[in-house]
Visitor: 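This is the structure, below, for whatever I ask next.
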Amino acid sequence: MAGPSDPLGWARQPRSQLALDSAFKLAERNRELRAIVKALVGQGISTADGKLLRQWDGTQWLPARRAVQ
């Protein structure tokens, strides 16, 4: 059985706020995730405080869906 070709793909292309929250939390102690989070902020995928602005749908970036309040 083969795993994903990019084991950090979930962080590089977050599909949900939960995935982004996990990346931000883990980036506190992981250098590679820190670089990914920095890139996401630089690309406008996320705000610096961790709000998802755009999410990956598997083929393209779409505006993030708002959480139901």
Visitor: Sequence neighbours excluded, which residues qualify as side-chain contact (heavy atoms from CB on, under 4.5 Å) partners of E28?
Guide: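 Applying side-chain contact (heavy atoms from CB on, under 4.5 Å) to E28 gives none.
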Visitor: If you group Ile, Leu, Val, Met, Phe, Trp and Tyr whenever their side-chain heavy atoms sit less than 4.5 Å apart, what else falls in with L53?
Guide: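 Hydrophobic cluster check, L53: no partners found.
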Visitor: Working to the nearest 0.5 Å, report the span between CG of N30 and NZ of K25.
Guide: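 The distance works out to 13.0 Å.
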Visitor: List the steps, then state whether side chain to side chain contact (heavy atoms under 4.5 Å, CB included) holds for D6 with R12.
Guide: CA-CA 9 Å; D6 181 5; R12 290 184 216 290; 2.8 Å; yes
Visitor: Which atoms form the tightest heavy-atom contact between P7 and S5, and what is the distance?
Guide: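 Residues P7 and S5, closest heavy atoms: CD-O, 3.8 Å.
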Visitor: Through direct or indirect side-chain contacts below 4.5 angstrom among Ile, Leu, Val, Met, Phe, Trp and Tyr, which residues connect to I36?
Guide: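 Same cluster as I36: L8, W10, L20, F24, L26, L33, V37, L40, V41, I45, L52, W56, W61.
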Visitor: Determine, stepwise, if the pair L62 / Q60 fulfils side chain to side chain contact (heavy atoms under 4.5 Å, CB included).
Guide: CA-CA 6 Å; L62 299 173; Q60 63 183 338; 3.8 Å; yes
Visitor: On a heavy-atom basis, which atom in R65 and which in Q55 lie closest, and how many Å separate them?
Guide: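 Looking at all heavy atoms of both residues, the closest pair is NH2-NE2, 2.7 Å.
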Visitor: Rounded to the nearest 0.5 Å, what separation is found between the OG atom of S22 and the CD atom of Q17?
Guide: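 Going from OG on S22 over to CD on Q17, the span is 10.0 Å.
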